[in-house]
Number of protein chains: 4
Amino acid sequence: MSQSEAEVSRLFDRTLAGLKEAVRGLIGGDGFDPHPDLAKGDAERIREHLWACLESRGGEVSARSRAAALGRAYLHLSETGRRRYLTILATEFDRNPVAVARAVRALESAPAEGRAAAEDALRDALDAPRERLLRQFNALSDGVKFLVDLRYDLMRFAREDTALSGLEKDLKRLLASWFDIGFLELRRIDWNAPASLLEKLIDYEAVHAIRSWQDLKNRLDSDRRCYAFFHPSMPDEPLIFVEVALETGLADNVHALLDEESPVGDPSRADTAVFYSISNAQRGLAGIAFGDFLIKRVVDDLRAELPNLKTFATLSPIPGFSRWLEKNPDEAVGAALAKPGWWDDPDAAEAAKGPVLRAVARYLVQARRKGRAADPVAHFHLANGARMERLNWLANTSESGRAQSAGVMINYLYRRDMIEANHEAYKGEGRIAMSSAVRALAGKQEKKRR
Amino acid sequence: MSQSEAEVSRLFDRTLAGLKEAVRGLIGGDGFDPHPDLAKGDAERIREHLWACLESRGGEVSARSRAAALGRAYLHLSETGRRRYLTILATEFDRNPVAVARAVRALESAPAEGRAAAEDALRDALDAPRERLLRQFNALSDGVKFLVDLRYDLMRFAREDTALSGLEKDLKRLLASWFDIGFLELRRIDWNAPASLLEKLIDYEAVHAIRSWQDLKNRLDSDRRCYAFFHPSMPDEPLIFVEVALETGLADNVHALLDEESPVGDPSRADTAVFYSISNAQRGLAGIAFGDFLIKRVVDDLRAELPNLKTFATLSPIPGFSRWLEKNPDEAVGAALAKPGWWDDPDAAEAAKGPVLRAVARYLVQARRKGRAADPVAHFHLANGARMERLNWLANTSESGRAQSAGVMINYLYRRDMIEANHEAYKGEGRIAMSSAVRALAGKQEKKRR
Amino acid sequence: MSQSEAEVSRLFDRTLAGLKEAVRGLIGGDGFDPHPDLAKGDAERIREHLWACLESRGGEVSARSRAAALGRAYLHLSETGRRRYLTILATEFDRNPVAVARAVRALESAPAEGRAAAEDALRDALDAPRERLLRQFNALSDGVKFLVDLRYDLMRFAREDTALSGLEKDLKRLLASWFDIGFLELRRIDWNAPASLLEKLIDYEAVHAIRSWQDLKNRLDSDRRCYAFFHPSMPDEPLIFVEVALETGLADNVHALLDEESPVGDPSRADTAVFYSISNAQRGLAGIAFGDFLIKRVVDDLRAELPNLKTFATLSPIPGFSRWLEKNPDEAVGAALAKPGWWDDPDAAEAAKGPVLRAVARYLVQARRKGRAADPVAHFHLANGARMERLNWLANTSESGRAQSAGVMINYLYRRDMIEANHEAYKGEGRIAMSSAVRALAGKQEKKRR
Amino acid sequence: MSQSEAEVSRLFDRTLAGLKEAVRGLIGGDGFDPHPDLAKGDAERIREHLWACLESRGGEVSARSRAAALGRAYLHLSETGRRRYLTILATEFDRNPVAVARAVRALESAPAEGRAAAEDALRDALDAPRERLLRQFNALSDGVKFLVDLRYDLMRFAREDTALSGLEKDLKRLLASWFDIGFLELRRIDWNAPASLLEKLIDYEAVHAIRSWQDLKNRLDSDRRCYAFFHPSMPDEPLIFVEVALETGLADNVHALLDEESPVGDPSRADTAVFYSISNAQRGLAGIAFGDFLIKRVVDDLRAELPNLKTFATLSPIPGFSRWLEKNPDEAVGAALAKPGWWDDPDAAEAAKGPVLRAVARYLVQARRKGRAADPVAHFHLANGARMERLNWLANTSESGRAQSAGVMINYLYRRDMIEANHEAYKGEGRIAMSSAVRALAGKQEKKRR
């Protein structure tokens with residue numbers, strides 16, 4: 001170890017020791033009631049308790065009780081208090097740079113037979129102490145939910161304060177491990193589900209807002225299905241959910257789907273399952289993907305329950321079209337949509353149809369970001385192995401539907417025998433699977449296959 | 001990158017590419033039926049499927065299906081086949097040494113603001129690809145149990161084949177994360193539990209063998225309690241369980257505790273809970289500790305249910321005494337125990353009592369291994385914050401009881417107000433908490449407290 | 001048997017035989033699809049199937065399948081069809097008068113030692129065959145609910161058609177036996193209950209209409225309780241439910257109770273449980289009483305959960321006051337209530353208070369029907385052993401509250417140590433238990449106790 | 001009313017009044033602790049409490065509490081005490097003969113329009129007060145089980161004491177109503193069932209004793225099925241259960257079926273379900289039949305689960321053969337079975353086979369009691385619509401198997417398309433359905449069908 005390193009290390013250790021010493025007197029009972037903004041003294045008590053947790057002072061059981069108390073304290077803090085709390089966690093329990101450097105050196109000088117051990121030691125040095133603390137919060141009775149919500153806080157704060165982004169990444173890695181798909185439970189949700197759960201669907205629905213309990217009941221009727229993934233430690237919190245309509249033929253209009261007055265169909269006669277809404281319910285799990293598993297599992301479930309179903313497809317929004325159109329203006333489209341009330345006027349609508357559909361098709365097929373489809377919904381389904389099947393005119397003429405994509409919606413088709421090939425082609429070469437109708441609209445030539 | 005490094009890296013990459021190329025033709029359906037000993041062709045197919053999993057070929061959903069098939073294939077292999085399978089996983093999906101070296105260099109030359117990212121990258125390089133594969137086995141319907149049992153295989157194999165120990169460590173780290181105490185569920189087990197579960201208690205009981213269903217029923221009677229920890233993904237498999245007798249006064253004899261003929265006591269009048277057996281049920285979770293949490297949680301549970309309980313203690317074996325005595329012979333003890341049938345002969349037993357108890361006390365208090373109590377049961381309870389309360393003469397005169405510790409057993413006492421201090425004293429200075437009676441037997445002076 | 005009796009009997013038997021013969025050809029499969037109005041041919045098929053059920057033709061298992069099909073057929077009938085169906089059941093499967101007469105004679109001439117058997121035989125003759133048929137409908141998957149609803153049909157029809165009242169009584173007796181209180185399960189209902197169940201509360205609430213899901217959620221908040229009785233064969237159908245507010249002090253105003261904006265109280269600090277709504281949910285169980293058991297069980301439950309509760313009382317409507325007042329006009333009251341908006345005008349309200357409260361008290365205490373309190377809610381609580389505790393002015397100034405009882409409500413008090421005595425006094429001598437305040441308002445002298 | 005009747009009535013009423021008066025002072029709290037043999041004072045207290053229950057003194061809720069206390073008191077009585085207790089219930093709460101006579105007279109003089117009411121009144125008079133008391137015992141927490149066991153007591157006592165048989169009949173009628181088949185739940189029982197439940201199977205198995213938990217586990221293996229009926233108020237108590245083996249071909253030997261060493265078959269390949277044991281589990285439900293429903297429901301369940309199953313049959317004992325043979329001796333049979341160890345000696349067994357099988361067939365087909373098959377097991381299956389399919393030689397050579405029927409067993413065949421016809425033919429004309437092989441053995445001519 002060079003002299004300067006030794007100094008840094010000593011300094012680091014002394015700081016820790018000093019920290020510990022300074023607050024040793026502050027350790028109180030397990031419960032504490034800090035000021036919402038985490039005033040200075042409170043911050044020191046928090047810090048000291050975090051140290052006690054990290055060192056499992058009093059034994060592992062005590063450390064966990066303490067972690068639970070620390071978690072409860074967090075919940076009572078203001079935004080300011082939470083930022084301060086998380087900053088302590090992020091910066092004072094970060095990796096020890098000296099230990100890392102030492103481990104790097106040890107690896108570099110390790111003989112062949114000691115290499116694996118040295119790599120392990122380096123890996124351990126790269127695990128920040130705060131990771132261990134994050135795990136300990138699982139001692140809270142709703143510990144997993146606590147951590148999911150904590151990540152949402154961190155994501156928000158880290159946007160403005162990069163000092164928190166390391167902690168945010170650590171937490172994301174931890175949650176990705178704990179929310180491994182193998183632990184998730186697929187549950188069908190119907191009108192017999194707890195009201196407290198259904199209320200969450202109303203809150204979390206992100207695609208077509210649920211207007212009332214009656215609207216919700218209609219979406220859970222016998223010709224509808226709703227499925228969600230759950231984690232065993234958050235049994236009352238859906239992670240992601242999908243709404244499905246059982247229809248005859250491919251749905252081309254979301255108003256018809258959501259019409260509370262339309263008669264209830266006979267699910268055993270339906271030939272098509274239309275996935276018309278997929279919503280993530282936990283903002284703190286952003287970036288941890290379950291959507292493709294959800295679709296796949298629901299398809300399997302429906303296939304087993306209703307052997308008559310032959311077609312599995314979505315009726316999806318095209319959220320990025322209008323923004324793209326602004327940057328890539330099209331005269332004909334602009335003119336057609338400029339006419340007030342064009343969607344309610346048959347002639348105006350008919351006139352707009354051709355130009356708009358062609359523009360949407362071009363957007364979907366050609367607009368790219370880093371080799372991926374620029375439209376996020378398109379990217380999601382293409383990456384899952386679906387293909388673009390059909391564009392639907394006047395499919396969603398609500399204000400938001402018009403604002404997003406001039407009322408156009410698209411069906412993505414999931415065909416079991418094509419999913420893997422579509423996925424590979426898209427992932428590898430960025431090739432988008434599409435029907436000949438979509439291809440024609442987008443003005444593309446059919447690719448010849450070897 | 002130096003020339004030689006570049007060469008190694010190229011070689012490594014080419015090997016991988018070659019491997020992949022060589023077996024590309026072998027990819028079959030998801031199901032395959034390898035030879036039990038994993039003959040050459042099968043090994044190549046396994047290898048190729050592992051690659052496909054690692055690369056999420058065909059999408060993440062397909063990768064998981066493939067992992068499940070790989071897992072099922074493993075289950076049908078012989079010991080030889082399993083070793084070969086795990087050797088592929090351990091060696092061919094190990095860390096890429098060149099990537100590690102490259103990441104180390106990048107870290108060393110990183111500017112201050114890029115340091116965290118470089119550390120992250122190095123950490124990722126230190127995560128062996130096999131870790132990701134281990135996680136994917138969670139796609140099996142009993143994936144967690146599969147991994148727990150896989151670890152037991154690895155532990156056995158790694159004893160003879162150090163090439164497997166890295167994989168074993170990776171799996172241990174994964175399981176330690178997934179079996180975080182916060183995920184475990186404490187369940188009371190009684191005679192209304194499923195027979196299939198109770199049968200496992202019979203199989204797993206490690207301290208006092210359960211002789212029959214009648215013996216088991218007696219241990220689950222109204223003046224007894226049995227608790228176990230369960231993981232939500234293994235709901236039918238106890239992880240660790242404890243058997244408790246509700247008594248008046250501290251039990252001093254295990255035969256009386258287990259006597260099927262003894263009358264059933266009234267639990268609401270009991271003042272003492274005696275933990276007389278703690279057994280780990282999953283060999284694949286060795287080294288991942290739940291025992292202290294189990295005792296703590298059971299104490300809380302019993303306290304809430306039966307407010308009359310005042311004393312919580314064990315009646316524990318002393319498994320290491322006889323081996324210690326061999327190495328530290330004691331003439332008086334040797335003579336006393338040499339007498340045939342000494343335990344059934346009141347005079348001989350009385351004569352042996354003093355010397356034996358003193359020797360046992362010395363063993364418990366003085367015999368150390370790496371600063372810890374040498375006796376493993378003693379170490380477990382001391383580390384949990386218990387104290388040595390009382391030695392019991394003729395407490396287990398069965399053949400195994402005599403063989404282990406001349407029939408002596410010990411009560412460890414759990415007192416809520418002393419647990420943290422005992423734990424810290426033991427963990428820090430190795431100081432053992434004990435009653436004055438034990439201290440006197442061990443011939444130690446009472447330590448003066450400041 | 002006299003000649004004429006023999007003739008009647010022969011005639012009766014021949015009619016049956018003829019009936020059976022006439023329709024033997026009509027027996028089809030178990031399923032049949034009658035005309036909604038039960039045209040003639042259908043009626044004959046129903047009749048024949050009923051006979052087949054009664055005789056357990058093809059075995060008891062077949063008879064039950066047939067009964068299930070008969071039940072399903074009933075559900076598809078129009079009102080006209082149902083009347084015809086029930087008339088067949090009521091009249092053609094009534095007691096056989098000749099068999100009754102014969103059994104009476106046998107009893108009269110029975111020797112002492114044969115008397116019990118002769119009584120048994122007579123009792124059997126008095127059990128109409130239709131009773132057995134009613135039981136067989138229990139073969140339907142929702143058989144019990146079917147019978148409950150059938151009784152509601154019968155009650156409605158029997159009001160106009162006395163030929164059905166015997167069948168209605170038979171069914172009531174059967175349901176009273178099957179809904180024995182010992183079979184009922186008390187369940188607490190909260191916001192975690194299935195939406196499909198909560199929707200029924202909204203439908204069935206009979207005292208203070210639930211205006212919205214938000215109103216319902218407010219009634220299920222942590223300072224509220226809702227309990228219902230359920231039958232194991234109708235697990236999704238509440239039989240009767242009660243809504244309780246946990247308060248400090250006796251509630252005197254229902255608007256305050258139901259105010260969605262009022263802050264949520266801490267139930268552990270409440271000293272009073274106010275039963276503010278009890279609703280029967282199954283019209284087909286009219287006359288089969290569970291209400292007193294419900295109150296008693298809920299009191300027990302609350303007492304166990306919240307030891308701080310000292311007072312258990314209702315806040316009840318006085319539904320019969322206004323009708324009584326019409327027949328027993330009171331000048332002062334009439335004048336006070338004639339003033340438009342009296343309830344919103346403090347002076348007018350104050351002026352009305354005295355006369356109205358006194359009139360209400362007289363009504364409650366003095367108005368009798370067959371020796372019972374004339375007010376049905378009063379009768380219910382008095383018979384259960386409650387006492388009239390306090391009249392509340394401006395307690396329910398909604399339109400219906402004013403229409404029923406000039407906005408006055410009453411608290412009935414349940415005191416464990418007085419329930420039996422109150423009940424006996426009321427049941428025996430019609431004596432009404434009341435507080436001295438109520439007594440004073442009613443202008444009664446305190447009764448001297450021996 | 002004639003003078004003497006009036007006197008009897010007065011006497012009856014006075015006795016009651018006297019009774020009540022005499023013991024009014026004795027009424028204590030709800031709990032009481034009578035002498036096990038129910039000494040005189042205790043009997044009076046019991047009597048008084050029964051009266052209080054009957055009159056719902058203090059309200060229906062109080063009456064039920066009292067009934068529960070009365071029930072608990074019963075459970076602590078000796079056989080002598082129970083007899084006394086039940087004698088009070090049976091004789092002092094019997095029908096009032098004067099009231100019956102009065103109601104008979106009222107009926108005889110009733111005008112046409114009052115006839116139904118008079119019949120109702122008579123029916124009420126014929127309901128003994130003790131019936132109402134029996135219902136009130138349902139207030140016990142295990143009230144239904146209490147009544148079932150009470151009936152078993154009554155059945156035993158009534159054999160020697162006819163004064164109790166009326167009460168026994170009342171209770172049977174009540175239980176038959178409450179155990180209506182529509183209330184029963186069919187549950188499959190496997191090795192995951194609670195040990196406490198499985199223990200009951202061991203206790204209750206009446207056909208082929210379960211020798212050990214290992215034997216039981218073998219009977220619950222994947223190629224076996226066990227089903228039982230349960231009542232919702234006795235969820236832990238099977239009412240009747242059946243054990244089924246899934247086989248290829250019709251089983252002809254019970255030892256093979258119960259062999260713990262035989263390999264486990266693949267249920268999805270089985271073509272035959274063999275019902276090899278049906279046991280009633282509640283002696284107090286004797287005479288209340290569920291067996292035919294159980295078989296029917298299990299057949300339906302198995303058919304749905306395992307579509308490969310084509311044949312549903314029993315392997316049944318012939319419990320009455322040996323007793324019949326004693327009364328109808330057969331020289332050849334006698335000689336064959338006199339040879340010691342005939343069943344283990346191939347030659348002797350072969351020699352015995354013909355004579356014995358013919359004798360058994362004659363017994364089964366010809367021996368009648370009141371027009372029914374004399375063999376009780378034969379009667380049960382024939383009444384359910386099964387036919388005699390095959391006699392099996394050396395099918396049960398255990399001591400009890402030889403003692404009952406010289407080791408012969410029989411298969412009864414359940415064919416869905418013949419069940420109703422078989423049932424009707426047997427019930428009507430006593431005609432027994434049988435295969436031509438059984439017919440040939442019994443020496444009967446094939447009946448010509450029209």
Side-chain angles (χ1 to χ4, degrees), chain A residues 56-62 64-65 67 94-95 97 100-101 104 107-108 113 115-117 119-120 122-123 125-128 135-141 143-144 162 165-166 169 174 177-178 180-183 185 231-233 289 292-293 295-297 383-385 419-424 427, chain B residues 56-62 64-65 68 94-95 97 100-101 104 107-108 113 115-117 119-120 122-123 126-128 135-141 143-144 162 165-166 169 173-174 177-178 180-183 185 231-233 289 292-293 295-297 383-385 419-424 427:
Chain A
S56 296
R57 221 176 288 158
E60 188 60 26
V61 175
S62 303
R64 287 278 169 151
S65 305
D94 198 356
R95 295 161 183 141
V100 171
V104 162
L107 173 59
E108 286 172 337
E113 70 279 10
R115 186 168 174 80
E119 285 173 348
D120 287 349
L122 176 55
R123 190 191 191 288
L126 287 165
D127 275 350
R135 281 173 203 280
Q136 288 183 321
F137 286 130
N138 200 18
L140 277 166
S141 65
V144 175
T162 54
S165 63
K169 271 182 208 149
L174 178 62
S177 172
W178 281 358
D180 186 272
I181 188 71
F183 293 130
E185 185 201 350
H231 187 273
S233 294
D292 47 348
F293 285 97
I295 293 176
K296 169 70 166 44
R297 293 275 302 277
N384 291 345
I419 283 179
E420 295 207 5
N422 289 345
H423 165 87
E424 286 294 312
K427 193 177 81 167
Chain B
S56 296
R57 217 176 288 160
E60 188 61 25
V61 176
S62 303
R64 287 277 169 150
S65 305
D94 198 356
R95 295 161 182 142
V100 171
V104 163
L107 173 59
E108 285 171 338
E113 71 278 9
R115 186 167 174 81
E119 285 174 348
D120 286 349
L122 176 54
R123 190 192 191 287
L126 288 166
D127 274 351
R135 281 174 202 279
Q136 288 183 320
F137 286 130
N138 199 17
L140 278 166
S141 63
V144 176
T162 54
S165 63
K169 272 182 208 148
R173 195 187 311 111
L174 179 62
S177 172
W178 282 357
D180 185 271
I181 188 71
F183 293 131
E185 184 201 351
H231 188 275
S233 293
D292 45 349
F293 285 95
I295 292 175
K296 169 74 166 45
R297 294 275 301 277
N384 291 345
I419 283 181
E420 295 206 6
N422 288 345
H423 165 86
E424 286 294 311
K427 194 177 81 166

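A, B, ... follow the sequence lines: proteins, then strands. Residue 1 opens every chain.
Not counting sequence neighbours, the partners of A/R123 by the salt bridge (Lys or Arg N to Asp or Glu O under 4.0 Å) test are A/D127, B/D127, B/E131. Taking the side chain to side chain contact (heavy atoms under 4.5 Å, CB included) definition, one finds that B/A68 meets it with B/R72, B/A139, B/L140, sequence neighbours left out.
Counting heavy-atom pairs closer than 4.5 Å to chain A, the top residue among B/S177, B/A383, B/A117 is B/S177. Comparing A/G166, A/S56, A/G182, A/G58 by heavy-atom pairs within less than 4.5 Å of chain B, the highest count is held by A/G58. Each of A/I181, A/T162, A/N384 has some count of heavy-atom pairs under 4.5 Å with chain B, and the biggest count is that of A/I181. Here B/L122 is the residue among B/L174, B/L122, B/N422, B/I419 with the most heavy-atom pairs under 4.5 Å with chain A.
With a 4.5 Å cut-off on non-hydrogen atoms, B/V104 touches chain A through its side chain but not through its backbone. With a 4.5 Å cut-off on non-hydrogen atoms, B/D120 touches chain A through its backbone and its side chain both. If you measure heavy-atom distances from B/R297 to chain A, you find no contacts under 4.5 Å at all. For B/E108, the part lying under 4.5 angstrom from a heavy atom of chain A is the side chain only. The part of B/S233 that comes within reach of chain A is its side chain, from C-beta onward, which places non-hydrogen atoms under 4.5 angstrom from that chain.
Note on ring orientation: taking the six-membered ring where Trp is involved, the planes of A/F183 and A/H231 are perpendicular (angle over 60°, cut-offs 30° and 60°).
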query: So A/E60 and B/H423, side-chain contact (heavy atoms from CB on, under 4.5 Å) or not? Walk me through it.
result: CA-CA 10 Å; A/E60 188 60 26; B/H423 165 86; over 6 Å; no
- request: Determine, stepwise, if the pair B/V100 / A/R115 fulfils side-chain contact (heavy atoms from CB on, under 4.5 Å).
  value: CA-CA 11 Å; B/V100 171; A/R115 186 168 174 80; 4.3 Å; yes
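A salt bridge is absent between B/R57 and A/E424: the closest approach of a Lys/Arg side-chain nitrogen to an acidic carboxylate oxygen does not fall below 4.0 angstrom.
In this structure, the side chains of B/K296 and A/R64 stay at 4.5 Å or more apart for every pair of heavy atoms.
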